Amino acid sequence: MTVIKQQDFIDSIADALQYISFYHPLDFIQALEKAYNKEQSQAAKDAIAQILINSRMSAQGKRPICQDTGIVTCFVKVGMAVQWDATDLTVQQMVDEGTRRAYLNPDNPLRASIVKDPAGKRINTKDNTPSVVHIDLVPGNEVEVMIAAKGGGSENKTKMVMLNPSDSIADWVVKTLPTMGAGWCPPGMLGIGVGGTAEKAGVLAKESLMDPVNIQELIERGPQNAEEELRLEIFERVNKLGIGAQGLGGLTTVVDVKINSVPTHAASKPVVMIPNCAATRHVHFHLDGSGPADLTPPKLEEWPEITWEVGENVRRVNVDELAKADVSEWKTGETVLLSGTILTGRDAAHKRIQDMLAKGEELPVDFTNKFIYYVGPVDAIGDEAVGPAGPTTATRMDKFTEMMLAQTGLLGTIGKAERGAATVESIKNHKSVYLMAVGGAAYLVSKAIKKAKVVAFEDMGMEAIYEFEVEDMPVTVAVDSTGESAHVTGPAIWQAKIQDLDEALKA
């Protein structure tokens, strides 16, 4: 009988969460490198380059790949012959203790994103607990752990459907994926759970994302069953949509499609689709009673040597000297390097601003002719001005954008992913502009931030309003003052180009 010590399990969880905060799985990096080399869309190629450069920087600096260090999801498979040397904690509590230690590690603090009372006050638990734990009892004398840190942007794009038994899963995926926008930070993976019941399909989908990237091997050897045929069909059809990296249009939207299935009711066909973003983070280890998990760091030489330089179509601007007349000259697709001071704000800050304006209260900061960056940064360490500080999904702030543009004098916004049609119209009406930073390049972006201080709502933690002093912060004009959106035009252009390429190959 194997005895697993409580401390070994907790240490393994803590070490694993630190490990995945700054190490991408190498199979994912290799898949991204292939996508980079294949990509013909310059906007998508630039985005993938920034993601790969950021990944290497994070591995070297041992700092988070993304500012959203995720909700911890842990699959624990306990052998029936295992005995625990843990009298005071359950498996859930041990995972939570490991999570707590990992996220509060002073050498690499991870952003605490978990809120309790989710239907009410939504108060941050301050240590990223509780985690989500799935426990299975299986044959054997070991404990197998698969652990991930799942970002909210991709988790929020989860889709579920109860199909009729004769309905096509691939058709549903291809129809549904474009409705998800780019908030899940493609290119990434799709995890699909099929069968069981509604909640079982969700767990199957999430667990499938723990598998290695191997679609290219499947393509080379050919499918051997219906599930593998479905993987290949979805992979091919989704990439022909032209959504591309960051939703800007391109050849690669997903680098793999994973499917887990179990038997289901004869009248049912539950399907859940969960995307994994460009900050794919997970690790797999076993405990056999000999001590904590041994997680061997990858070698930096295993990352591709990729550089990214701004092209000729670039503007360098001082944001402290801008007015509407200046931003009206910017065109969708342009690269802009921002220097000067910008403000930050996310969901909770916008809601508080809304409440203050409704009461006629004076706002604590002046937004006149300022840009607001949708970000919740990681705490700084050492001589950092701020920790990793990549963008959050701008769509969540759509409900507040008209208010901000009409009532605060705000000049423009910065985030990731598309804006809704009503928000694009609001941007157009106010002669504003929306700029996009690359999701999944948080450590790289943070290097452009030279100073940071909290200027309002300090009680909100990472949701507080900061003032950042930036130097050459790279962004792309995603919606210009005429209302042209890169997230509409880019995929449309590249879907047509992909069709032309396919027809040329057939000719």
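Starting from 1, each residue takes its place in the sequence as its number. Just so it is clear, the model here is predicted, and its values are computed rather than measured.
Residue L232 holds its CG atom at 13.0 Å from CZ of R237, rounded to the nearest 0.5 Å. Expressed to the nearest 0.5 Å, how far CZ of R111 lies from OG of S21 amounts to 13.5 Å. Residue S55 holds its OG atom at 13.5 Å from CD of Q50, rounded to the nearest 0.5 Å. Atoms CE and CG, on M180 and L177 in that order, are 5.0 Å from each other to the nearest 0.5 Å. Remark: E302 CD to E33 CD distance equals 11.5 Å, nearest 0.5 Å. In this structure, CZ in F28 is found 7.5 Å from CD1 in I51, a value given to the nearest 0.5 Å.
Note on ring orientation: taking the six-membered ring where Trp is involved, the planes of W330 and F371 are parallel (angle under 30°, cut-offs 30° and 60°).
Counting only distance, with no hydrogens or angles, the side chain of Y434 and the backbone of K416 share a donor-acceptor pair below 3.5 Å. A donor-acceptor pair under 3.5 Å is absent between the side-chain atoms of E503 and the main chain of D500, judged by distance alone. Formation of a donor-acceptor pair under 3.5 Å by the T476 side chain with backbone atoms of G333 is not found in this model. Side chain of N54 to main chain of I65: a donor-acceptor pair is present (N/O by atom type, distance under 3.5 Å, no hydrogens or angles). Panel note: side chain R281, backbone I20; no donor-acceptor pair is recorded below 3.5 Å. Between the side chain of S485 and the main chain of H487, a donor-acceptor pair closer than 3.5 Å is present. When atom types are taken as modelled, the side chain of T332 and the backbone of E484 share a donor-acceptor pair closer than 3.5 angstrom. Under the 3.5 Å distance criterion, the side-chain polar atoms of N239 are matched with a main-chain donor or acceptor of V254. Within the 3.5 Å criterion, the main-chain N or O of Y443 finds a donor-acceptor partner in the side chain of S446. Put simply, the side chain of D379 never gets that close to the backbone of P109: no donor and acceptor are under 3.5 Å apart.
Under a 4.0 Å N-O distance rule, the pair K428/D480 does not qualify as a salt bridge. Classification of E155 and K206 as a salt-bridged pair holds, one side-chain N sitting under 4.0 Å from a carboxylate O. Between E305 and R56 there is a salt bridge, since at least one side-chain N of the basic residue sits less than 4.0 Å from a carboxylate O of the acidic one. Classification of K240 and D502 as a salt-bridged pair holds, one side-chain N sitting under 4.0 Å from a carboxylate O. Ion pairing between R231 and E227 fails under the 4.0 Å rule for side-chain N and carboxylate O. Salt bridge K450/E469: absent, no basic N to carboxylate O contact under 4.0 Å.
The side-chain heavy atoms of S41 and L248, taken from C-beta on, include no pair separated by under 4.5 Å. In this structure, I274 and K150 have side chains that are in contact, with non-hydrogen atoms separated by less than 4.5 Å. Using a 4.5 Å heavy-atom threshold, the side chains of S113 and D68 count as touching. Residues V317 and L338 have side chains in contact (heavy-atom distance under 4.5 Å, counting atoms from C-beta outward). Side-chain atoms of P391 and Y374, non-hydrogen and from C-beta on, never get closer than 4.5 Å to each other. Residues H350 and K399 fail the side-chain proximity criterion, which asks for heavy atoms closer than 4.5 Å. For the pair L52 and W303, the minimum side-chain heavy-atom distance is 4.5 Å or more. When side chains are defined from C-beta on, S339 does not count as touching M473, because their heavy atoms never get closer than 4.5 Å.
Applying the salt bridge (charged side-chain N to carboxylate O under 4.0 Å, His left out) rule to pairs touching residues 35-54 yields nothing, sequence neighbours excluded. Screening residues 176-192 for side chain to side chain donor-acceptor pair (under 3.5 Å), with sequence neighbours left out, gives W172-T176.
Residue Y103 comes nearest to A149 through the heavy atom pair OH-CB, 4.0 Å, listed as atom of the first residue, atom of the second, then distance. Heavy atoms only, all atoms of each residue included: M404 and I353 are closest at SD-CG2, 4.0 Å. In this structure, A182 and A417 approach most closely via the heavy-atom pair C-CB, 3.5 Å. Between L241 and P178, the shortest heavy-atom distance links the atoms CD1-CG, 4.0 Å. A442 approaches C66 most closely through the heavy-atom pair CB-CA, 3.6 Å. Nearest heavy atom pair, residue M436 against residue A478, reads CB-CB, 3.9 Å.
Heavy atoms of other residues, nucleotides or ligands lying less than 6.0 angstrom from CD of E362 number 12 at most. For E361, the CD atom counts as densely surrounded, since its 6.0 Å shell holds more than 12 non-hydrogen atoms of other residues, nucleotides or ligands. The local environment of NZ in K175 is sparse, with at most 12 non-hydrogen atoms from other residues, nucleotides or ligands closer than 6.0 Å.
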Apply the test side chain to side chain contact (heavy atoms under 4.5 Å, CB included) to residues L209 and H282: give CA-CA distance (whole Å), side-chain angles for both, the deciding distance (0.1 Å), then the verdict.
CA-CA 9 Å; L209 292 171; H282 61 88; over 6 Å; no
As a quick check of understanding, evaluate side chain to side chain donor-acceptor pair (under 3.5 Å) for E467 and T341, giving each step before the final call.
CA-CA 7 Å; E467 181 183 82; T341 54; 4.9 Å; no
The test is side chain to side chain donor-acceptor pair (under 3.5 Å); show your working for S166 and N164 and say whether it passes.
CA-CA 5 Å; S166 61; N164 291 320; 5.8 Å; no
Would you please test S328 and K431 for side chain to side chain contact (heavy atoms under 4.5 Å, CB included) and show each step?
CA-CA 7 Å; S328 67; K431 302 300 180 185; 5.6 Å; no
Please assess N276 against S154 for the test side chain to side chain donor-acceptor pair (under 3.5 Å), listing each intermediate value before the final yes or no.
CA-CA 6 Å; N276 235 8; S154 57; 4.8 Å; no
Carefully, step by step, assess F367 and I465 under the rule side chain to side chain contact (heavy atoms under 4.5 Å, CB included).
CA-CA 11 Å; F367 290 97; I465 295 178; 4.1 Å; yes
Could you go through N128 and T69, starting from their C-alpha distance and side-chain angles, then the distance that decides it, and tell me whether this counts as side chain to side chain donor-acceptor pair (under 3.5 Å)?
CA-CA 9 Å; N128 224 58; T69 50; 5.4 Å; no
In sequence, state the C-alpha distance, the side-chain angles, and the governing distance for I147 and V72, and then conclude on side chain to side chain contact (heavy atoms under 4.5 Å, CB included).
CA-CA 7 Å; I147 192 165; V72 174; 3.9 Å; yes
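No option in V375, I342, V386 other than V386 meets the side-chain contact (heavy atoms from CB on, under 4.5 Å) test with I449. Exactly one residue among R352, K351, K359 makes a side-chain hydrogen bond (donor to acceptor under 3.5 Å, both in side chains) with D355. That residue is K351. Results of the side-chain contact (heavy atoms from CB on, under 4.5 Å) test with V336 over V319, V327, V477 single out V477 as the only residue that passes.
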